[in-house]
2 protein chains.
Amino acid sequence: MGMTGITIQEASRTSGLSAHTLRYYERIGLVPEVGRDAAGHRSYTGADLAWLEFLTKLRRTGMPIADMCRYAELVRRGPETAAERRRILQAHRERVLERIAQLNGDLAVLDRKIDMYYGMESS
Amino acid sequence: MGMTGITIQEASRTSGLSAHTLRYYERIGLVPEVGRDAAGHRSYTGADLAWLEFLTKLRRTGMPIADMCRYAELVRRGPETAAERRRILQAHRERVLERIAQLNGDLAVLDRKIDMYYGMESS
DNA sequence: GCTTGACTTGGAGTGCACTCGAAGGTGCAC
DNA sequence: GTGCACCTTCGAGTGCACTCCAAGTCAAGC
């Protein structure tokens, strides 16, 4: 098993999260304890990075940290929590859809305003 | 000119912003000074409400308060700032488009994950 | 004329999600 | 063997956008 793993700096570059944030996420239980190398330094595996990538998607779509912690906790508890996890993601999915619809509506208003300014400039 | 105006509570219900937030927005110069009735209470006009509605769209689409203040300042300075306002809105529009694209991408991942959970449950 | 309730102000407090600082350990380059 | 870069922990600090509080004013109803 040559799963060497990468340093926190490399994980930071790969994930787009700062090293500070990576430690913070681990501290609050959002990320399971990351393995260590001989020097006691964190060593991120591919699985760690995949989990971080999924977390950033949840985060970016507006899921609060507290909800993400709850989801992470269910993952730790094992496969019998799959149905609940699905429900959480589905509820979140609905919120994201609403958000996208709202953004599209607001974008239309923005476009009309921009057009109006063009009209003012060319008059 | 029978522009009576509505109370801060009614403006709160109409705009979806709390009375606290309405006063806060006025304090930081995001909303021009609202008129007062005989008792010194704020009296919101239709124009005030329209401005608030536009502000909430900027806010909801992720524009920081500081940028909104800058935009509001340009509006106060008059029509000669129209071109700059347009540029601000256009730059913002680009960010909103990116945000929507990102949300759609993240939504697709969410959907695949949900499908995966369905697969786990039915197996 | 007194209670009630909505309003006023200025300033302080809150919640979220980081973000940073201090003090110290480790291993490689010179 | 010592400087250096990078890591560690713990706790404190930051920035944003509100959100609330205390103390006071005012008009209307009983």
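Below, chains carry the letters A, B, ... as their sequence lines are ordered, and counting in each starts from 1.
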As a test of reading the structure: which of D:dC18, D:dT8, C:dT8 is closest to the side chain of B:R23, going by heavy atoms?
C:dT8
Quick note, B:R27 side chain, CB onward, closest among D:dT19, C:dA17, D:dC7 is D:dT19
For the side chain of B:A39, starting at C-beta, report the closest nucleotide among D:dC26, C:dG27, D:dA17.
D:dC26
Which value, rounded to the nearest 0.5 Å, describes the distance between A:Q90 atom CD and B:D111 atom CG?
9.5 Å
Value in whole Å for how far the C1' atom of C:dG13 lies from OH of B:Y24
14 Å
Proximal nucleotide (of C:dA17, C:dT9, D:dC6) relative to the B:R42 side chain:
C:dT9
Once you measure the plane-to-plane angle for A:Y71 and A:W51, does it fall in the parallel (<30°), tilted (30-60°) or perpendicular (>60°) bin?
parallel
Nearest of C:dT19, C:dC7, D:dT8 to any side-chain atom of A:I8?
D:dT8
State the CD1-CZ distance between A:I28 and A:R23, to the nearest 0.5 angstrom.
14.5 Å
Any side-chain donor paired with an acceptor under 3.5 Å for A:R85 and A:T81?
yes
d(NE2, B:H20; P, C:dG11) in whole Å
17 Å
B:D37 CG to C:dA6 P, in whole Å, measures 15 Å
